[in-house]
Amino acid sequence: MCLAAFSCIAITAGPAAHASAAPPQNGFVLGNAGRHVLLVCDGKPSAHPRAAEVCASLERTKGDLSRLTTSLVYCTKEFAPVAVHAMGVWEGRLVRYTATFGNVCELRAETGALFDF
């Protein structure tokens, strides 16, 4: 695995890549239940299905994933743990985030659409 998630993109692009193509400045590799997706918030293509919504939320928190907020949601006390992780860069700063939530409802209540892929 590449040390910086976005350096992998530049390396795999090969010699046909445009010399001025730079890795994204704001984005993450997100993991949820064994699935992973690339979220890019620099106007470049992103594999996250709700990228525009998530990027707008991250703009408000300046890339701090622990400060994401959503509307008031009531969740059941069902115990079905969900572990998530994110690694990326926001405005030149390396960001790592890991958390475990009691269930999917709690995950979405705390992180909004971030891990909804």
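Values below: every heavy atom of this structure, side chains too, minus hydrogens, waters and symmetry copies.
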Between atom [atom1] of [X] and atom [atom2] of [Y], what is the distance when rounded to the nearest 0.5 Å?
X      : Y     : atom1 : atom2 : value
Ser57  : Arg67 : OG    : CZ    : 12.0 Å
His36  : Leu30 : NE2   : CG    : 9.0 Å
Phe28  : Tyr97 : CZ    : OH    : 11.0 Å
Phe115 : Leu68 : CZ    : CG    : 8.5 Å

For Thr98, side chain to side chain contact (heavy atoms under 4.5 Å, CB included) partners two or more places apart: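 Thr98 satisfies side chain to side chain contact (heavy atoms under 4.5 Å, CB included) with His85 once adjacent residues are dropped.
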Qualifying residues under side chain to side chain contact (heavy atoms under 4.5 Å, CB included), relative to Ser46, sequence neighbours excluded: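 By the side chain to side chain contact (heavy atoms under 4.5 Å, CB included) rule, Ser46 matches Leu39, Val40, His48, Ala51.
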Residues that Phe101 engages under ring-ring contact (aromatic ring centres under 6.0 Å, His included), provided they are two or more places apart: none
Non-hydrogen side-chain atoms of Leu107 and Asn32 separated by less than 4.5 Å: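 Yes, their side chains come closer than 4.5 Å.
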Members sharing Phe79's hydrophobic cluster (side chains within less than 4.5 Å): none
Side-chain donor/acceptor of Asp42 to backbone N/O of Gln25, under 3.5 Å: yes
Main-chain N/O of Cys55 paired with Glu59 side-chain donor or acceptor, under 3.5 Å: no
By side-chain hydrogen bond (donor to acceptor under 3.5 Å, both in side chains) - contacts of Asp116 (at least two apart): Arg50, Arg108
For Ser66, side-chain hydrogen bond (donor to acceptor under 3.5 Å, both in side chains) partners two or more places apart: Asp64
